[in-house]
Number of protein chains: 2
Amino acid sequence: MNDLLGRVGDKWSALVIDALIEGGGVMRFTRIAEAVTGISQKMLTQTLRQMERDGLVMRTVHPVIPPHVDYKLTKMGLSLGKAFCGVWIWAGKHLEAIEKARRDFDARAGG
Amino acid sequence: MNDLLGRVGDKWSALVIDALIEGGGVMRFTRIAEAVTGISQKMLTQTLRQMERDGLVMRTVHPVIPPHVDYKLTKMGLSLGKAFCGVWIWAGKHLEAIEKARRDFDARAGG
DNA sequence: CTGAATCCACCTGGATACTG
DNA sequence: CAGTATCCAGGTGGATTCAG
């Protein structure tokens with residue numbers, strides 16, 4: 001369980017799931033890379049592999065040239081996305097409060 | 001936002017919040033260390049500091065000997081715990097499915 | 001009891017180059 | 001396009017020691 005948290009709670013996984021949901025559930029490698037700002041190609045490959053292994057995404061290779069690979073959220077992946085929803089909303093709602101808390105804390109620490 | 005995810009989505013933070021909720025909302029350092037299995041003293045201190053800075057916990061030092069320090073979830077911390085709830089539930093519900101998906105994947109990969 | 005500080009092995013993750 | 005492979009800097013986090 002502990003280990004599972006570290007896995008699904010992974011920052012990149014969450015962002016990839018979000019990207020896939022925003023993108024309609026099916027996206028190609030490069031499109032995901034564009035959607036998830038800041039991710040390196042290596043991390044994306046790694047994250048995607050892991051998510052595939054965990055049954056969160058389905059990887060489909062179309063044997064054409066140039067290669068064409070689709071990533072599709074599975075039911076489980078989608079349900080995880082929904083579970084994350086609460087955290088997304090929380091983050092959006094408390095973003096300012098947290099930044100203020102940090103400033104206050106730093107001010108106290110500095111003074 | 002991206003950065004916030006990495007912060008609040010941190011594995012230890014989640015576990016500490018969970019421990020605090022289970023423990024009634026107020027706990028001492030050592031009690032948390034016992035509740036959060038596997039965390040080192042350094043990580044606990046670090047996590048707690050960060051959470052204090054983010055306004056998720058309130059740290060109260062009782063000037064006695066031996067020292068007595070209480071950590072209490074703030075409203076914001078509690079609300080984050082509730083936001084996590086969905087993910088906890090999801091994890092519990094899909095734990096087996098994920099393990100099966102992994103076995104299947106590994107079997108395919110191995111064969 | 002609660003922490004700070006130090007040392008250090010390990011892993012993460014970015015940059016780059018190469019393949020089919 | 002979609003990776004794989006390699007190198008490497010930097011951060012993570014455990015163990016240990018010291019202090020109030």
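The chains referred to below are lettered A, B, ... by the order of the sequence lines, with proteins before strands, and numbering in each begins at 1.
Checked against C:dG3, C:dC1, D:dA2, the side chain of B:T30 finds its nearest nucleotide in C:dC1.
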request  = May I have the step-by-step check of side chain to side chain contact (heavy atoms under 4.5 Å, CB included) for B:F29 and B:L48, ending in yes or no?
outcome  = CA-CA 9 Å; B:F29 188 87; B:L48 249 13; 4.0 Å; yes
ask   = Are A:V36 and A:L44 close enough, and set up right, to give a side chain to side chain contact (heavy atoms under 4.5 Å, CB included), and what steps lead you there?
value = CA-CA 9 Å; A:V36 181; A:L44 181 54; 5.5 Å; no
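In summary, of the residues considered (B:H62, B:R31, B:R28), a side-chain hydrogen bond (donor to acceptor under 3.5 Å, both in side chains) with B:D70 occurs for B:H62 alone.
Between the C1' atom of D:dG3 and the NE2 atom of A:H62 lies a distance of 16 Å, rounded to the nearest Å. Residue B:L48 contributes atom CG, which lies 14 Å from atom C1' of C:dC1 at whole-angstrom precision. Nucleotide D:dG3 holds its P atom 15 Å from the CD1 atom of A:I65, rounded to whole Å. With rounding to whole Å, A:R59 atom CZ is found 16 Å from D:dC1 atom P. At whole-Å resolution of the value, NE2 in B:H68 and C1' in C:dG3 are 15 Å apart. Here D:dA2 presents its C1' atom at 13 Å from CD of A:E52, a figure rounded to the nearest Å. In this structure, the CD1 atom of A:I32 is 14 Å from the P atom of D:dC1, given to the nearest Å.
Using a 4.0 Å cut-off between a side-chain N of Lys or Arg and a carboxylate O of Asp or Glu, A:D54 and B:R102 qualify as a salt bridge. A salt bridge links B:D104 with B:K100: the distance from a Lys NZ or Arg NE/NH1/NH2 to an Asp or Glu carboxylate oxygen falls below 4.0 Å.
Interatomic distance, CD1 of B:I39 versus CD of B:Q41, reported as 10.0 Å (0.5 Å rounding).
Across all strands shown, B:R31 has no heavy atoms under 4.0 Å from either base or sugar-phosphate atoms.
Put simply, B:R28 has a side-chain N or O that comes within less than 4.0 Å of OP1 or OP2 on C:dT2. The phosphate of C:dC1 has neither OP1 nor OP2 within less than 4.0 Å of any side-chain N or O from B:Y71.
For the pair A:T74 and A:G55, the tightest heavy-atom approach, listed with the atom from each and the gap, is OG1-O, 2.7 Å.
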note = For nucleotides 13-20 of chain D, 5' to 3', base contacts (B), sugar-phosphate-only contacts (S) and non-contacts (-) with protein non-hydrogen atoms under 4.0 Å give BBB----B
